[in-house]
Amino acid sequence: MKRQAITTIWLIMLLLGLASCKSSEKNQGGKTSVEQLQQVKLSGRNYWLALPRGYQAANSYKLLLAFHPSGGNGKDMQSFTYFDQISNEYIVAYPDSEQVEWNEGCNCNIAHRLGADDLGFTSHIITDIQSRHNVIPGEVYAAGYSQGGLFVQNLACNLPELFKAVAVVAAPMSIQLASSCSPSTAVSVMMVHGTDDTVLPYNGMVHHNFGLISSADAIALMAGKNDALPYALHKTQVAPHTHLTSYHNGTQKFQLYSVQGGGHTWQFAGFDTSRQILNFFAEAEQPELPEHSQLVTTEQGQFHVRAMGLSNPGPAVVLLAGPNYNYHSDSAWFAALQPLLAKQYRVYSIDRLGNAYSSHTEELSYRRFADDLALVLQQLQETQLAFVTFSSSSISARWFYQLHQQQFDIKAMLYIDPDIPLPHSLSLYQGYPANWYLANLPALLPHLAAGNWTERTKEKLEIEYNEIKQLVVEHDVQMDWTYFEQIMQLRLLIPQQQARAIEIAGYITDLDGYAQLPMVSAIPVSIIDSDFEQQQIDQAQDEPELAEALHFWQQEGSAWSAEQASISHGQYIALSNSDHLVPVQQPEQIKQALDWLFRELQLP
């Protein structure tokens, strides 16, 4: 009776799957190239090969294997996926299953009982094609539909080393494969599934022999198995009626396209599955960017820029991030401020190399960023500027003004807790931990590369996150938590940990150059001066010398800030009972200070 029940389930799936395939082919329309397929016999089995249009034996190509649904064959798969018709970059193989379905990893179906070695067959196909044609190393992909999609998940779990990325359409994941999946290496995974699929339900199904977890759980599982960062990015309406859930680990990404109301089909209205899959393969190593984010390419690298309020007139407001007490420094600190400012201003937050989604380099400094910033602003075609800087990014803004004021029309600057270029403050900044990082950097970078600080970084981020939640609640701040989480979690990645170490090690030199620059007097410079030092002073009461040094630092900073604001005809704004993270705690205060500057300068 059990075997009969299993067979009945799969026969139903077979009939529905075939109907779906025909529906997909009919919906697609247009001419196919089935007659152009080459039949290849391999160890008693069969696959169909499609070479790119204009194929040249001397050229190198990517390789894509496309797996048909239950009851189908490779020619059927080609007829509605048409991968070989829409790209000349791929050699495409459409394998035939040995049995009515693929041995997809549930250990519960006909192919499993009859011992179909579909994993071995897949590996053999790749080797066979690589022996006959020039396949670009590391550029092998797989896509599967319905039960073929279940098998592609088996490939991602058990043969991930063969593929750069895989795509699964109209298939969640069997409970059995979910419990056994243990990939030896990471591989990017894309899933596409209609929420009203009645054949392989989007929300999974309970069955004593062939149960399914949901597609949302499946993509979360694959993300977790491949060491993805914890917070998923959710986007609505990335295509008509289509929502995106996206994870990444810095190198691979894991995405689910949920088609609202979609059934068991390959193609959806407004969502060209085949083209979307090829787009995913082309960008398999690039994390999905949050809303309003972009990468600006210059000769020095790619810079993450978040642009908001682009239709607003007047000078561009440029937000530059500096570090908190853990030296974490990126545009996450502007998750509350930028949306607020963008209601009135055209606002860009720009991340230095090595931070957020910006590319990596071993040559990092706040001084260097001044020149990088000029290249980015050129690409953005912004010449009239007002800077808002937080913490040590005052170094970058001051150097930018020194070096590029002839090229750009810099209207004003607003410093938030700037670095103080005076002897006592410098002695504190250039002591621990900056001097320790400088002395130990050569040994520290490989230590970080081995992941030895990842857990401690995670612990620090959790503490920071809870502290910021408390600040936001206490001060009733409107926070873009999605953006904050997406940027914050990037600090866990090894390259970002190393970039942080390099910047701290270079901080001493940055400060030496910064201290040689005179105060700005030709444009207004307003300064928001929080009393965050007071907490450190209070904590050091049992160490009188340290408490005295910290108190002097606080006094020196306030005096310098007031003088800089005065000689430039800006505002000096002292905040009491304030945290250092003013952009998170008091974004309205920053907006008021910026409004004042624009009014004084009669800017739109």
Side-chain angles (χ1 to χ4, degrees), residues 292 305-322 331-350 373 377 380 382-391 393-394 396-398 400-401 405 408-418 471-472 474-480 483 519-532 558 561-604:
H292 305 299
V305 176
R306 193 186 198 207
M308 301 181 71
L310 295 183
S311 62
N312 292 327
V317 176
V318 180
L319 308 180
L320 304 181
S331 55
W333 300 141
F334 301 134
L337 177 63
Q338 188 169 6
L340 176 65
L341 295 181
K343 295 177 182 179
Q344 182 175 343
Y345 302 106
R346 191 169 66 262
V347 191
Y348 300 91
S349 59
I350 304 176
L373 192 58
L377 291 168
L380 294 172
E382 295 285 3
T383 57
Q384 198 174 70
L385 311 169
F387 283 99
V388 177
T389 77
F390 169 59
S391 189
S393 67
S394 59
S396 299
R398 181 62 190 87
F400 183 89
Y401 179 79
Q405 58 181 304
F408 295 90
D409 182 9
I410 306 168
K411 294 296 186 181
M413 293 195 286
L414 173 59
Y415 291 164
I416 306 164
D417 283 343
L471 287 175
V472 167
E474 288 177 353
H475 295 268
D476 194 25
V477 172
Q478 296 298 310
M479 184 77 160
D480 186 344
Y483 186 75
M519 285 186 174
V520 176
S521 58
I523 63 170
V525 179
S526 289
I527 297 181
I528 295 176
D529 180 21
S530 79
D531 63 350
F532 73 95
S558 296
S561 297
E563 182 182 1
Q564 169 63 90
S566 176
I567 68 169
S568 66
H569 305 290
Q571 275 187 311
Y572 172 68
I573 303 165
L575 301 180
S576 60
N577 300 316
S578 179
D579 192 274
H580 181 46
L581 288 173
V582 179
V584 172
Q585 185 189 36
Q586 301 187 61
E588 285 283 358
Q589 181 67 65
I590 298 171
K591 183 179 184 303
Q592 291 172 17
L594 189 65
D595 291 345
W596 184 90
L597 284 168
F598 272 60
R599 286 196 304 271
E600 288 295 302
L601 294 168
Q602 298 183 346
L603 298 172

Is there side-chain contact between M413 and I523, with at least one heavy-atom pair below 4.5 Å?
yes

Roughly how far, to the nearest 0.5 Å, is the CG atom of L385 from the CG atom of L380?
10.0 Å

L373 and L320, any side-chain heavy atoms less than 4.5 Å apart
yes

Can you name the nearest heavy-atom pair linking I567 to M519, along with the distance?
CD1-CB, 3.4 Å

Can you confirm whether Q478 is buried at CD, in the sense that more than 12 heavy atoms of other residues, nucleotides or ligands lie under 6.0 Å from that atom?
no

Separation between CG of L601 and NE2 of H569, rounded to the nearest 0.5 Å
11.5 Å

Exam field: side chain S568 to backbone Q564, donor-acceptor pair closer than 3.5 Å:
yes

Close side-chain approach of L319 and S331, heavy atoms under 4.5 Å
no

Are F334 and V388 packed together at the side-chain level, in the sense that at least one heavy-atom pair is separated by less than 4.5 angstrom?
no

Where do A565 and I527 come nearest, in terms of heavy atoms and distance?
N-CD1, 4.5 Å

Expected output: side-chain E600 to main-chain W596 donor-acceptor under 3.5 Å
no

So does N577 get a backbone contact from the side chain of D531, meaning a donor-acceptor N/O pair under 3.5 Å?
yes

Separation between CG (D529) and CG (D417), nearest 0.5 Å, reads 6.0 Å

Run the numbers on Q344 and D595 for side chain to side chain contact (heavy atoms under 4.5 Å, CB included), then give the verdict.
CA-CA 9 Å; Q344 182 175 343; D595 291 345; 3.6 Å; yes

Write down the atom of A336, the atom of M479, and the distance for their closest heavy-atom approach.
CB-SD, 3.6 Å

Test item: L377 and I350 side chains (from C-beta on) under 4.5 Å apart, heavy atoms:
yes

Using a 3.5 Å distance criterion without hydrogens, assess whether the side chain of E382 forms a donor-acceptor pair with backbone atoms of A316.
no

Is the closest side-chain heavy-atom distance between Q585 and V477 below 4.5 Å?
no

When rounded to the nearest 0.5 angstrom, what distance separates OG in S561 from CD in E563?
10.0 Å

Using a 3.5 Å distance criterion without hydrogens, assess whether the side chain of W333 forms a donor-acceptor pair with backbone atoms of L581.
no

Stepwise side chain to side chain contact (heavy atoms under 4.5 Å, CB included) test for Y572 and S566:
CA-CA 7 Å; Y572 172 68; S566 176; over 6 Å; no

Sorted by chain and number, sequence neighbours left out, ring pair (Phe, Tyr, Trp, His ring centres under 6.0 Å) with H580 holds for F390, F532

From I528 CD1 over to Q571 CD, what is the distance, rounded to the nearest 0.5 angstrom?
8.5 Å

Would you please test D409 and T383 for side chain to side chain contact (heavy atoms under 4.5 Å, CB included) and show each step?
CA-CA 6 Å; D409 182 9; T383 57; 5.6 Å; no

Who are the side-chain hydrogen bond (donor to acceptor under 3.5 Å, both in side chains) partners of D480, not counting sequence neighbours?
R306

With side chain to side chain contact (heavy atoms under 4.5 Å, CB included) as the criterion, how do I590 and L340 come out once you've worked through the C-alpha distance, each side chain's angles and the decisive distance to 0.1 Å?
CA-CA 10 Å; I590 298 171; L340 176 65; over 6 Å; no

One should read off an interatomic distance between I573 CD1 and L414 CG, to the nearest 0.5 angstrom, of 7.0 Å

Give the minimum heavy-atom separation between A522 and Y401, together with the two atoms involved.
CB-OH, 3.4 Å

Sidechain-backbone polar pair: Q384 side chain, K411 backbone, donor-acceptor under 3.5 Å:
no

Given F400 and F387, is the ring pair (Phe, Tyr, Trp, His ring centres under 6.0 Å) satisfied, shown in steps?
CA-CA 10 Å; F400 183 89; F387 283 99; 5.1 Å; yes

Mind checking whether H292 and Q338 have side chains closer than 4.5 Å, heavy atoms only?
no

